[in-house]
Amino acid sequence: MPDGLDLSHPISVPDRPALEGLEQKWTDRWERGGVYRFDRTRGRETVYSIDTPPPTVSGSLHVGHVFSYTHTDIVARFQRMRGKAVFYPMGWDDNGLPTERRVQNYFGVRCDPSLPYEPAFVPPEKPGKQPIPVSRPNFIELCARLTAEDEKVFEHLWRYLGLSVDWSMTYATIDRRSQRISQLAFLRLLARGEAYQLEAPTLWDVDFRTAVAQAELEDREQPGAYHKIRFAKPEGGYLEVDTTRPELIPACVAIVAHPDDPRYQPLFGTDVITPIFGVRVPVKAHALADPDKGTGAAMICTFGDITDVTWWRELQLPVRAIIQANGAFKPVAWGAAGWESTDAPRAQQRYDELAGLSAAKARVKTVDMLRESGDLIGEPRPITHAVKFYEKGDRPLEIVTSRQWFIRTMEFRSRLLARGAELKWHPAYMQTRLENWINGLNGDWCVSRQRFFGVPFPVWYKVRDDGSVDHDGRLVPDESRLPIDPSTDVPDGYGAGQRDQPGGFTGDKDVMDTWATSSLSPQIAGRWEEDPDLFARVFPMDVRPQAHDIIRTWLFSTILRSELEHGTLPWRNAAISGWVLDPDRKKMSKSKGNVVTPMGLLEEHGSDGVRYWAASGRPGTDTAFDTGQMKVGRRLAIKLLNASKFVLANPEPHGPVTTAVDKGLLTALARIVRESTADLESYNYTRVLERTETFFWSFCDDYLELVKGRRYGDQGAEPAASANGALLASLDVMLRLFAPFLPFVTDEVWSWWRPGTIHTAAWPSAGDLQHEDDAEGVAALEFAAGVLGAIRKKKSEEQRPMKTPVARAVISAPQAQLHLLPLVEQDLRASGLIREIETVVAETFAVHVELAP
RNA sequence: GGGCGGUUAGCUCAGUUGGUAGAGCACCGGCUUUACACGCCGGCUGUCACAGGUUCGAGUCCUGUACCGCCCACCA
């Protein structure tokens, strides 16, 4: 018997072990026992901390969540068994637009930041037709109320799935702590000059009426059309330009072509005149102009796309903006400064037809005008092209000049790339995604949003005596006041009556981009600047688990914030999960209507069964949704119950492992333990489950069959004790290897014979099994299994019952193998019911079997 | 346009320094074998996408091509 396997705990095995009810039973026991509570007395070196992704509570959970959160849990459980104090908090993402929309509809309210807080506000029973305006603090209270319900549902599912989260460490991205930390970190950025405010062209969603960040863009294929239009040269003749956005002609400030393009070289430095509106615009040269696109000459408008912004900035062009925040064309007085025209009355008359229209409607009208004036060459040629959208938006983005907050990013790019290289990626190739993103950045991170629900910027501005806002006259609160809401709180030194009054103050109206808060998840979970003792024990964290689609947002922004605030990586490892694909290889998502509700799956296949399927998905690899694998997992769990029951049914006598096959079994398992430990440390959980499962299956099929008789005393007490010693030791280790994957069934079996919960038991080590590697034992076990297999095959071929005796077995094998026979002969005779065994020296292994009549 | 993955049995996927192709599922056949019929035993199944190259030897290394998926791009 190996040292340390204490069997003093009474053994108690149910008659009919079953999986049903294990989830409820064990989640309750784990909760009561505080099994997953973080032990905050432990130093950083014995802590394993996880920067858990906060799921969006206003959305619904789908099987993809179950999939990726299981991966994290497997690693968490492994580290806990390795003796680490696991810091595994759960966050809820209730910040941002999805929640804002949900709260509006659910309660029938609308946020109006100009209103004062009403402590006694109660929403109507039913939402009315007209939304009730409420203050921002009231709105946030309603959000907290609604999301609390969602969080309960999520928490129940997570517990049922078996996530070993410390539920005392939850946070929400809109709660006071998150607000405080977001504001605090912002003030620190501001103080260091790493956040700044600027009035500049910004990507803008005209429906949401807010700025959006580069990271929130997506391309969508849209039908469009090239319109060839002509610009008059003053000395006669025309210059032709292709555009997909003719409605922006009034916003045209220049024409651009490539400096080497001979067609346009003579025109550089001259002016041409825009059609319809008669505006003189210069022809400029710029290397970004592509001679092969359209006519090779492009219209620069303020602003049609991001390239326009680049040209506008680099060629130092004037602004002639026509699109307002709501997407409508703004009124323009033609002939006034900046709107000079060779024919101002005509321009005015034409433009008045466009004013107030959306871009799409203005385009139709403009095309009519161009056709009428003869400036449209030919007919529009329909094309399909990619257009930039806000990922949650319905209309193409516009570029609107507005005052926004930015976090400096561009100047830190090389530092961020270095951090990306320092981070250990699982899988490694995901690092490229971050590099691509950083190298493709074209501006600092715009973090302000013109929304109501979110973390407000903790800033007020002085109001001048003439009533105008002095944006340079910033007033910020002392850190001790945070969190604050500038729409209701008052800056130090001012009274509430001075709000929006000449000589008084006004609050910043914007809220932070949701990623501006999420990017601080390690600081929020670790309670930065609130509980420095805790923070020091968990930060930088060990791992950030997340999906690959948000590398450019969450992963990137978290590295940025950590670099700026702490000068360090926020975590050592990034474990990137793949997606769950439906059988048609499409990403599963709500919009495709192919989602499966996770709770139903857990109930049908058991949490261990679903986890088994999830564990088959390697880091970074998309995995097909497959209930077949869940069934296999469920079968494995049942098999574990039954095999354990068999092992534990007759544990006496047990003692030192002396028999060759027994030592071989333990040696083989010890090898698996070594490999598994190394694999789990590098996030290769998939292989660990595979290997352990394969071993377990041959343990059941071959080893158990082989030693069945001996353990009951066929060969005397000492061989029986050896078999039982090996059975118990290997069961003990196999259970612990399976524990991170199948937490319910393993703890159930553990409770039959071992003290405490398996989830705080030590991760197995090779030393638990044997003192030295016994290669001969391994060979003997393989040899015996080979003979047994040949006999089974014969019986199967002959369609005879397995209990049919073997009259004679002739084993052909190399001498080296035949030498092993004496080590296993008695086990073989007993399990194979073999009467006579002969051996023949041969090059290859073969068994000739003659069954008894 | 740039980049990253992938392409192995009907399906889902392993295949770790190059050495005669693997697992599970599915399918077929068999077996009451006192841990398990939610079981057990056995069987069938492959031009490893394609074309070159390196090598005694390539699923594995190199080059190129095709297709699938994803990420990114300054898409007039």
Side-chain angles (χ1 to χ4, degrees), chain A residues 13 16-19 217 219 224 226-227 241-245 248 255-257 286-290 292-301 304-311 383 385-388 427 429-442 548-549 551-552 578-579 581 583 585-587 606 613 616-618 620-629 631-632 634-650 675 679 684 686-687 690-691 693-694 697 700-701 704-705 708 788-789 791-804 831 833:
Chain A
V13 183
R16 310 203 62 150
L19 298 180
L217 307 188
D219 284 348
Y226 279 124
H227 305 73
V241 170
D242 269 327
T243 177
T244 55
R245 299 200 62 181
L248 292 180
I255 300 293
V256 69
H286 194 281
L288 279 182
D290 183 348
D292 296 329
K293 280 183 183 152
T295 64
M299 185 168 83
I300 303 177
C301 305
D305 60 30
I306 303 171
T307 324
D308 280 342
V309 178
T310 306
W311 280 327
I383 53 158
H385 61 159
V387 178
K388 297 244 178 279
Y429 61 76
M430 287 293 178
Q431 189 195 333
T432 315
R433 301 247 183 141
L434 180 68
E435 291 180 348
N436 282 348
W437 175 250
I438 293 175
N439 288 326
L441 284 172
N442 55 32
H548 51 67
D549 54 336
I551 287 175
R552 67 175 181 168
W579 282 333
L581 307 175
R585 312 255 65 181
K586 301 269 164 40
K587 182 193 170 189
W613 159 75
S616 70
R618 292 184 298 163
T621 306
D622 295 345
T623 300
F625 176 73
D626 186 357
T627 53
Q629 281 303 106
K631 292 191 171 85
V632 173
R634 183 179 171 79
R635 276 209 286 269
L636 172 64
I638 292 168
K639 189 84 173 171
L640 217 44
L641 289 175
N642 288 314
S644 303
K645 176 185 162 194
F646 176 69
V647 169
L648 295 173
N650 190 63
E675 292 164 351
D679 277 337
N684 279 327
T686 303
R687 297 180 64 109
E690 260 173 30
R691 258 199 302 260
E693 186 188 7
T694 303
W697 229 259
C700 291
D701 295 347
L704 278 184
E705 295 302 323
K708 233 176 208 176
L788 214 50
I791 290 168
R792 283 197 295 246
K793 182 170 175 174
K794 183 70 176 176
K795 290 173 181 175
S796 198
E797 281 168 2
E798 302 277 319
Q799 305 195 354
R800 303 282 295 276
M802 284 297 146
K803 65 183 180 189
T804 310
S831 55
L833 301 164

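Residue numbers begin at 1 in each chain, while the letters A, B, ... track the order of the sequences.
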- Task: Test A/Arg691 against A/Asp679 for side-chain contact (heavy atoms from CB on, under 4.5 Å), laying out the working first.
- Result: CA-CA 11 Å; A/Arg691 258 199 302 260; A/Asp679 277 337; 2.3 Å; yes
- Message: Can you tell me how the ring of A/His548 sits relative to the ring of A/Trp579, calling it parallel under 30°, perpendicular over 60° and tilted otherwise?
- Response: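 Plane angle between 30° and 60°, so tilted.
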- Begin with the C-alpha distance, continue with both residues' side-chain angles, and end with the deciding distance and a verdict on side-chain contact (heavy atoms from CB on, under 4.5 Å) for A/Trp697 and A/Leu636. CA-CA 9 Å; A/Trp697 229 259; A/Leu636 172 64; 3.3 Å; yes
For the [atom1] atoms, the ones on [N] and on [M], what distance do you get once it is rounded to whole angstrom?
| N | M | atom1 | value |
| --- | --- | --- | --- |
| B/C4 | B/G18 | P | 23 Å |
| B/C41 | B/G24 | P | 10 Å |
| B/A66 | B/G29 | C1' | 42 Å |
| B/G6 | B/G43 | P | 33 Å |
| B/U63 | B/G5 | P | 13 Å |
| B/C50 | B/C38 | P | 43 Å |
| B/U8 | B/U60 | P | 14 Å |
| B/G59 | B/G22 | C1' | 12 Å |

Could you tell me how far apart [X] ([atom1]) and [N] ([atom2]) are, to the nearest whole angstrom?
| X | N | atom1 | atom2 | value |
| --- | --- | --- | --- | --- |
| A/Asp626 | B/C25 | CG | C1' | 8 Å |
| A/Asp701 | B/G39 | CG | P | 13 Å |
| A/Asp622 | B/C70 | CG | P | 9 Å |
| A/Arg16 | B/A37 | CZ | C1' | 11 Å |
| A/His548 | B/G6 | NE2 | P | 13 Å |
| A/Phe646 | B/C36 | CZ | C1' | 11 Å |

- Message: Go through it in stages, so that I can follow the logic: the residues are A/Asp305 and A/Arg245, the test is salt bridge (charged side-chain N to carboxylate O under 4.0 Å, His left out), and I'd like the CA-CA distance, side-chain angles, deciding distance and then a yes or no.
- Response: CA-CA 10 Å; A/Asp305 60 30; A/Arg245 299 200 62 181; over 6 Å; no
- Message: Are A/Lys795 and A/Ile791 packed together at the side-chain level, in the sense that at least one heavy-atom pair is separated by less than 4.5 angstrom?
- Response: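 Result yes, sub-4.5 Å side-chain heavy-atom pair found.
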- Paired and unpaired positions of RNA chain B as dot-bracket, Watson-Crick or G-U wobble under 3.5 Å, | denoting a partner strand: ((((((((.[[[[.)...(..]]]].(((((.......))))).....[[[[[..)....]]]]])))))))....
The side chain of [X] lies closest to which of these nucleotides: [options]?
| X | options | value |
| --- | --- | --- |
| A/Met802 | B/C72, B/C41, B/G39 | B/C41 |
| A/Val632 | B/C70, B/G24, B/C40 | B/G24 |
| A/Pro801 | B/U32, B/C72, B/G15 | B/U32 |
| A/Gln799 | B/A76, B/G29, B/C25 | B/G29 |
| A/Ala624 | B/A73, B/G29, B/U12 | B/U12 |
| A/Gln629 | B/A35, B/G24, B/U32 | B/G24 |
| A/Lys293 | B/A76, B/G39, B/A35 | B/A76 |
| A/Ser796 | B/A35, B/G39, B/G42 | B/G42 |

Counting the atoms with a prime plus P, OP1 and OP2 as sugar-phosphate, which does [X] contact under 4.0 Å by heavy atoms, base, sugar-phosphate, or nothing?
| X | value |
| --- | --- |
| A/Ala643 | base |
| A/Asp305 | sugar-phosphate |
| A/Asp308 | nothing |
| A/Arg687 | base |
| A/Leu704 | base |

Hey, does the side chain of [X] come within less than 4.0 Å of [N]'s phosphate (OP1/OP2), counting only N and O?
| X | N | value |
| --- | --- | --- |
| A/Lys639 | B/C40 | yes |
| A/Arg792 | B/U33 | no |
| A/Arg691 | B/A14 | no |
| A/Arg618 | B/A14 | yes |
| A/His385 | B/A76 | yes |

Could you list all N or O pairs between the protein and nucleotides 43-46 of chain B that sit under 3.5 Å apart?
unit_1, atom_1, unit_2, atom_2, d
B/G43, OP1, A/Lys793, NZ, 3.2

- Item | A/Lys795 (side chain) and B/C41 (base): donor-acceptor pair under 3.5 Å |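 No pair found.
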- A/Lys708/A/Glu705 under salt bridge (charged side-chain N to carboxylate O under 4.0 Å, His left out): CA gap, chis, key distance, verdict: CA-CA 5 Å; A/Lys708 233 176 208 176; A/Glu705 295 302 323; 3.5 Å; yes
Could you go over nucleotides 2-5 of chain B and give all protein N or O partners under 3.5 Å, atom names and distances?
none

- Please report the C-alpha distance between A/Leu19 and A/Ile638 in whole Å, then the side-chain angles of each, then the deciding distance to 0.1 Å, and finally whether the side-chain contact (heavy atoms from CB on, under 4.5 Å) criterion is met. CA-CA 7 Å; A/Leu19 298 180; A/Ile638 292 168; 3.6 Å; yes
- Note on the structure: Sorted by position of nearest nucleotide on RNA chain B, 5' first, the leading residue of A/Glu690 and A/Thr694 is A/Glu690
- Message: Reading RNA chain B from 5' onward, which residue's closest nucleotide shows up sooner: A/Ala18 or A/Tyr226?
- Response: A/Ala18
- Task: Could you go through the side-chain contact (heavy atoms from CB on, under 4.5 Å) check for A/Asn442 and A/Ile306 one step at a time?
- Result: CA-CA 9 Å; A/Asn442 55 32; A/Ile306 303 171; 4.0 Å; yes
